[in-house]
**Student:** 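Could you have a look at this structure, given as structure tokens, before my questions?
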Amino acid sequence: MEIFVLAFFALGYLVLGGADIGVSMALPYLGRSAAERREVIAAIAPFFLANEVWLVATAGVLAGLFPELESELLSGNYVVVVVLLLAWVIRDMGLWLRGRMPGERWQLFWDGAIVAGGWGLALSWGTLLSHVLVDLEGLAAALSALLVAALFATHGLAFAALRLRGTLHERAIVLSGAGEARTYALTSAALLAVGVLAGLRLPLNPGTAGALLVPVILALIPLLVAAQAWVWWTFRHRVSGPSYL
């Protein structure tokens, strides 16, 4: 049961969080002006914090139920994890701060932080997943990380196509045409496959706290899913202009 709990949160984050990471990566392409970038950001603004709850939950499950695996992942990939955390903070700072002041330079700086953080997150996850999946090093590892990052970007473009209108929508469907929902489903499936393959290679040996923690986590999962569903239902309509944050 512990393994299924970990898979639920980790795979959920890859699909949900992967969408806002991909949109962050594609921000310069989707938004050619400050106003357009603001509208693109509005496409992910209602979701990114809820999506990050899945990552926090994954970290908590690792620490509580798989302490040996957590130690191995951190010690073997310390630099990658630090870069990932820094990229996470930088991207979120950009999302929160770019609209706090009206200055063009201020907004451009934080737009750059959003893009840099998005690419940092995607490449960090790509490096980590590549290391777990195929244990590559050097150029091969870099190419593998870029492939995973490209998957995140494609996933984000499909999500943006589902959320945006007009010219921004036309830019977002560059890879999917009119079938953005199909593309989003395919990229979601691809991210799930990468996550499952990585999980199959991990030494998933649960600790001794499962008997106490698993019932608590199982009781909280319906609340998390219900909250996520409420957010998606509330903001289900396409973005019609700059809003949120």
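None of these values were measured; they are calculated from a predicted model.
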**Student:** Please determine which of Trp88, Tyr13, Trp119 meets the ring pair (Phe, Tyr, Trp, His ring centres under 6.0 Å) test together with Trp125.
**Tutor:**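 Per the ring pair (Phe, Tyr, Trp, His ring centres under 6.0 Å) rule, the option paired with Trp125 is Tyr13, out of Trp88, Tyr13, Trp119.
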**Student:** Checking Arg32 now: which residues fulfil side chain to side chain donor-acceptor pair (under 3.5 Å) with it, not counting sequence neighbours?
**Tutor:**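 For Arg32 there are no side chain to side chain donor-acceptor pair (under 3.5 Å) partners, ignoring immediate neighbours.
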**Student:** Which distance, rounded to the nearest 0.5 Å, do you find between the CG of Leu85 and the CG of Leu121?
**Tutor:**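 The CG atom of Leu121 is 9.0 Å from CG of Leu85, to the nearest 0.5 Å.
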**Student:** My understanding is that only residues two or more places apart in sequence, or in another chain, count here; which of them pass salt bridge (Lys or Arg N to Asp or Glu O under 4.0 Å) with Glu52?
**Tutor:**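 Salt bridge (Lys or Arg N to Asp or Glu O under 4.0 Å) check on Glu52 returns Arg91.
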**Student:** Would you call Ser24 and Ile44 a side-chain contact if the rule is heavy atoms closer than 4.5 Å?
**Tutor:** yes
**Student:** I want to check something: taking the side chain as every heavy atom from C-beta on, are Val239 and Glu39 in contact at a cut-off of under 4.5 Å?
**Tutor:**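 Yes; the side chains approach each other to less than 4.5 Å.
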**Student:** What closest approach, in Å, do Gly31 and Val40 show between heavy atoms, and which atom pair accounts for it?
**Tutor:**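 Heavy atoms only, the tightest pair is N-CG2, 4.2 Å.
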**Student:** Would you check if Met25 and Val115 make a side-chain contact, meaning some heavy-atom pair closer than 4.5 Å?
**Tutor:**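 Not touching, per the 4.5 Å side-chain cut-off.
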**Student:** With a 3.5 Å distance limit and no angle check, can you tell me whether Arg100 reaches the backbone of Leu97 through a side-chain donor-acceptor pair?
**Tutor:** no
**Student:** Under the salt bridge (Lys or Arg N to Asp or Glu O under 4.0 Å) definition, can you give me all pairs with a residue in residues 168-179, not counting sequence neighbours?
**Tutor:** Glu36-Arg171
**Student:** Mind checking ring pair (Phe, Tyr, Trp, His ring centres under 6.0 Å) for Trp230 and listing every partner two or more places apart, or none if nothing turns up?
**Tutor:** none
**Student:** Check each of Leu30, Ile173, Val23 against Leu157 using the side chain to side chain contact (heavy atoms under 4.5 Å, CB included) test, and report the only one that passes.
**Tutor:** Leu30
**Student:** To which residues is Val82 joined in a hydrophobic cluster, defined by side-chain heavy-atom contacts under 4.5 Å among Ile, Leu, Val, Met, Phe, Trp and Tyr, whether direct or through other members?
**Tutor:** Tyr78, Leu86
**Student:** Just by distance, do the side chain of Arg201 and the backbone of Leu197 share a donor-acceptor pair under 3.5 Å?
**Tutor:**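 Pair absent, no side-chain N/O of Arg201 close to backbone of Leu197.
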**Student:** For Val231 and Pro46, work out which heavy atoms get closest and say how close.
**Tutor:** CG1-O, 3.4 Å
**Student:** On a heavy-atom basis, which atom in Ala43 and which in Phe159 lie closest, and how many Å separate them?
**Tutor:**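 Distance-wise, the nearest heavy atoms are O-CE2, 3.7 Å.
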**Student:** Going by ring pair (Phe, Tyr, Trp, His ring centres under 6.0 Å), name the residues that satisfy it together with Trp110, two or more places apart in sequence or in a different chain.
**Tutor:**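 Ring pair (Phe, Tyr, Trp, His ring centres under 6.0 Å) list for Trp110, sorted by chain: Trp106.
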**Student:** Are side-chain heavy atoms of Phe47 and Leu16 found at a separation under 4.5 Å?
**Tutor:** no
**Student:** Can you sort out the partners of Glu180 under salt bridge (Lys or Arg N to Asp or Glu O under 4.0 Å), two or more places apart, ordered by chain and number?
**Tutor:** Arg238
**Student:** Do Leu224 and Phe235 belong together in a cluster built from hydrophobic side chains that touch within less than 4.5 Å?
**Tutor:** yes
**Student:** Any chain of hydrophobic side-chain contacts (each under 4.5 Å) joining Leu147 to Val194?
**Tutor:**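 No.
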**Student:** What residues form a ring pair (Phe, Tyr, Trp, His ring centres under 6.0 Å) with Phe8, not counting sequence neighbours?
**Tutor:** Trp54
**Student:** Examine Val15 and Leu186 and state if one hydrophobic cluster contains both, with Ile, Leu, Val, Met, Phe, Trp and Tyr joined whenever side-chain heavy atoms are less than 4.5 Å apart.
**Tutor:** no
**Student:** Could you grab the distance from atom CZ of Phe66 to atom OG1 of Thr58, nearest 0.5 Å is fine?
**Tutor:**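 It is 11.5 Å, given to the nearest 0.5 Å.
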**Student:** Mind running side chain to side chain contact (heavy atoms under 4.5 Å, CB included) on Phe9 and Ile217 for me, showing each step along the way?
**Tutor:** CA-CA 11 Å; Phe9 287 116; Ile217 296 172; 3.7 Å; yes
**Student:** Hydrophobic clusters join Ile, Leu, Val, Met, Phe, Trp and Tyr when side-chain heavy atoms are under 4.5 Å apart, directly or via other members; which others share one with Val216?
**Tutor:**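 Members alongside Val216: Leu220, Leu223.
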**Student:** Quick check: closest heavy atoms across Ile90 and Ala113, and the distance to 0.1 Å?
**Tutor:** CG2-O, 3.5 Å
**Student:** Can you list every pair that meets side-chain hydrogen bond (donor to acceptor under 3.5 Å, both in side chains) and has a residue in residues 181-196, with sequence neighbours left out?
**Tutor:**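 Passing the test, one end in residues 181-196: His155-Thr187.
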**Student:** What distance do Ile41 atom CD1 and Ile114 atom CD1 have between them, rounded to the nearest 0.5 Å?
**Tutor:** 3.5 Å
**Student:** Would you mind reporting whether Leu6 and Leu65 have side-chain heavy atoms less than 4.5 Å apart?
**Tutor:**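 Sidechains of Leu6 and Leu65: no contact.
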**Student:** Only counting residues at least two apart or in another chain, list the ones meeting salt bridge (Lys or Arg N to Asp or Glu O under 4.0 Å) with Asp111.
**Tutor:**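 If we apply the salt bridge (Lys or Arg N to Asp or Glu O under 4.0 Å) test to Asp111, skipping adjacent residues, the hits are Arg37, Arg98.
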**Student:** Quick one: do Phe152 and Leu14 satisfy side chain to side chain contact (heavy atoms under 4.5 Å, CB included)? Show the steps, please.
**Tutor:** CA-CA 9 Å; Phe152 275 113; Leu14 284 178; 4.1 Å; yes
**Student:** For Asn51, give me all partners under side chain to side chain donor-acceptor pair (under 3.5 Å), at least two apart in sequence or on another chain.
**Tutor:**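 Per chain and number, Asn51 pairs via side chain to side chain donor-acceptor pair (under 3.5 Å) with Asp20, Gln228.
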**Student:** Looking only at heavy atoms, what is the nearest atom pair of Ser176 and Ala172, with distance?
**Tutor:** OG-O, 4.4 Å
**Student:** Assigning hydrophobic clusters by single linkage (Ile, Leu, Val, Met, Phe, Trp, Tyr; side-chain heavy-atom cutoff under 4.5 Å), is Leu27 placed with Leu108?
**Tutor:** no
**Student:** If two hydrophobic side chains count as joined below 4.5 Å and joins carry through other members, does Leu143 share a cluster with Val83?
**Tutor:** no
**Student:** Check whether more than 12 heavy atoms from other residues, nucleotides or ligands sit under 6.0 Å from atom CZ of Arg236, and answer yes or no.
**Tutor:** yes
**Student:** Going from OG1 on Thr154 to CG on Leu191, what distance comes out if it is rounded to the nearest 0.5 angstrom?
**Tutor:** 9.5 Å
